[in-house]
Asker: 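Shown below is the structure under consideration.
Whatever order the structure lists them in is the order used to number ligands and atoms, beginning at 1. Please read these numbers as outputs of a predicted model, since none were measured by experiment.
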Amino acid sequence: MVMIKVLVAGFKGRMGNTTTKMVLENTDFELAGVYDPSASESNLSELPDFENEDVPVYTKAVDIDGSTIDVWIDFTSPVSVYENVKFALSHSISPVIGTTGLTNDQVDELKKIAKKNKVGGLIAPNFGISAVLLMQFAQQAAKYLPDVEIIEMHHDKKLDAPSGTALNTAKLISEVRKQKIQGNPEEKESLIGARGADYEGMRIHSVRLPGYVAHEQVLFGGQGEALTIRQDSFDRISFMSGVEVAVKKIRDYDELLIGLENLL
Ligand SMILES: NC(=O)c1ccc[n+]([C@@H]2O[C@H](COP(=O)([O-])OP(=O)(O)OC[C@H]3O[C@@H](n4cnc5c(N)ncnc54)[C@H](O)[C@@H]3O)[C@@H](O)[C@H]2O)c1
Ligand SMILES: O=C(O)C1=N[C@H](C(=O)O)CCC1
């Protein structure tokens, strides 16, 4: 059986470390390389966790030989991800992107490049099945309960706010509900930010605390009733089955998809 050759970008980070272990354990995958500008090693075997693994470490994209890689998994940073995906697509490598923080314009540009090069790719704001289901349930509920606020809670090392998952939840909800401004039109914030960020009239609140991993609540209010949908990722291992599915399936496509639900 031919193995899928995978590169993990951001391998020194929290998600990159968990993903590197997952790729090494999966017998359908071959870890063809790891990439992180912050690395001081030239081979993965120099790290205590990976001492039996002979895998090249790249610290510059230009050194990566695109012909040796099928799938590029990216868990890097909001400022790096656009150039990384562009690099992958232009080398006919299928990107599987977990990094959040891409702007709408950047996503549109990357979609064009993928289409032109006929390369399949995925941007998934969240690889956890509980989060994918939460987003679908929230979209369904918003058809009947259009008053909604989102609270996302993450660890305190997170760079972007609001989270990619919260933004995507708001986007999915805005597709099914009429634009509406919530709360009292006369309301005034006596402390700036008290009402959170505004996405087409929907409020998003971002919590950052040590001890947390990734959590989201979507709160709906109606006449004399309320609905709360919540998901919790307690461990980064929870994202790995979604990443595995994406790596296995993404080369069957020839465009850039948004959301893991497209592959499930
Ligand atoms: N989609 C999901 O399910 C999901 C789950 C968890 C985290 N995330 C996202 O993944 C991203 C990474 O999260 P994290 O907690 O692992 O961050 P982290 O800061 O722990 O790790 C990021 C790593 O990327 C490296 N890096 C920076 N620029 C790079 C570049 N150009 N190429 C390669 N590597 C580069 C950094 O040196 C660092 O080691 C964030 O955007 C986060 O929101 C998404
Ligand atoms: O740890 C993070 O950072 C996460 N970011 C994602 C987001 O922004 O939605 C999802 C889960 C973890």
Asker: Backbone or side chain, does any N or O of Gly13 fall under 3.5 Å from an N or O of ligand 1?
Answerer: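 The answer is yes, given that Gly13 and ligand 1 share an N or O pair closer than 3.5 Å.
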Asker: Nearest to atom 7 (C) of ligand 1, what protein heavy atom do you find, and at what distance?
Answerer: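 Ranking protein heavy atoms by distance from atom 7 (C) of ligand 1, first comes Met15 CG, 3.4 Å.
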Asker: Who's the nearest protein heavy-atom neighbour of atom 9 (O) of ligand 2, and how far?
Answerer: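 Going atom by atom, the protein heavy atom closest to atom 9 (O) of ligand 2 ends up being Thr165 OG1, 2.5 Å.
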Asker: Pick one of side chain, backbone, both or neither for how His155 approaches ligand 2, counting any non-hydrogen atom pair under 4.0 Å.
Answerer: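 Near ligand 2, His155 shows its side chain, while the N, CA, C and O stay back.
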Asker: Below 4.0 Å, non-hydrogen atoms only: which portion of Asp74 touches ligand 1? Side chain, backbone, both or neither.
Answerer: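 The answer is neither; Asp74 stays 4.0 Å or more away.
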Asker: Evaluating non-hydrogen atoms only, which member of His215, Glu152, His154, Met15 is closest to atom 4 (C) of ligand 2?
Answerer: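 Ranked by closest heavy atom to atom 4 (C) of ligand 2, first place is His154.
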Asker: Is Ala124 touching ligand 1 with its side chain, its backbone, both, or neither, if touching means heavy atoms under 4.0 Å apart?
Answerer: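 It is the backbone that gets close, since no side chain atom is under 4.0 Å.
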Asker: With a 4.0 Å heavy-atom cut-off (strictly under), which part of Pro125 contacts ligand 2: side chain, backbone, both or neither?
Answerer: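 Under 4.0 Å from ligand 2, Pro125 contributes backbone atoms alone.
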Asker: Measure the distances from the heavy atoms of Phe239 to every atom of ligand 2 and state whether one is below 4.0 angstrom.
Answerer: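 Yes, Phe239 has heavy atoms under 4.0 Å from ligand 2.
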Asker: Classify the contact between Lys158 and ligand 1 as side chain, backbone, both or neither, using a heavy-atom distance cut-off of under 4.0 Å.
Answerer: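 Just the side chain.
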Asker: Check for me whether Glu83 has a heavy atom closer than 4.0 Å to any atom of ligand 1.
Answerer: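 No, Glu83 has no heavy atoms under 4.0 Å from ligand 1.
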Asker: Show the atoms of ligand 1 that are less than 4.0 angstrom away from any heavy atom in Gly98.
Answerer: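 Counting from 1, the qualifying ligand atoms are 1 (N), 2 (C), 4 (C), 8 (N), 9 (C), 10 (O), 44 (C).
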Asker: Would you mind telling me if ligand 2 is within reach of the side chain of Arg14, the backbone, both or neither, using heavy atoms under 4.0 Å?
Answerer: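 Neither part.
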Asker: Record the part of Phe127 in heavy-atom contact with ligand 1 below 4.0 Å; permitted values are side chain, backbone, both and neither.
Answerer: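 Near ligand 1, Phe127 shows its backbone as well as its side chain.
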Asker: Is the Phe87 ring parallel, tilted or perpendicular to the Trp72 ring (thresholds 30°, 60°)?
Answerer: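 If you compare the ring of Phe87 with that of Trp72, the planes turn out tilted.
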Asker: Nearest heavy atom to atom 30 (C) of ligand 1: which of Ser238, Pro37, Gly101, Gly164 does it belong to?
Answerer: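 Going through Ser238, Pro37, Gly101, Gly164 one by one, Pro37 has the nearest heavy atom to atom 30 (C) of ligand 1.
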Asker: Give the single entry among Pro125, Gly10, Ser233 that approaches atom 2 (C) of ligand 1 most closely by any heavy atom.
Answerer: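 It is Pro125 whose heavy atom sits nearest to atom 2 (C) of ligand 1.
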Asker: Given Asp147, which of Gln182, Arg177, Gln223, Lys180 fulfils the side chain to side chain donor-acceptor pair (under 3.5 Å) condition?
Answerer: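 Only one of Gln182, Arg177, Gln223, Lys180 forms a side chain to side chain donor-acceptor pair (under 3.5 Å) with Asp147, namely Lys180.
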Asker: Run down the list Asp36, Val34, Asn17 and name the one with the heavy atom closest to atom 38 (C) of ligand 1.
Answerer: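 It is Asp36 whose heavy atom sits nearest to atom 38 (C) of ligand 1.
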Asker: What residue and heavy atom of the protein are closest to atom 43 (O) of ligand 1, and at what distance?
Answerer: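 Scanning the protein heavy atoms, the shortest distance from atom 43 (O) of ligand 1 goes to Thr100 OG1, 2.6 Å.
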Asker: In the structure I gave you, are the side-chain heavy atoms of Gln106 and Lys111 within less than 4.5 Å of one another anywhere?
Answerer: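 They are not in contact (no side-chain heavy atoms under 4.5 Å apart), so the answer is no.
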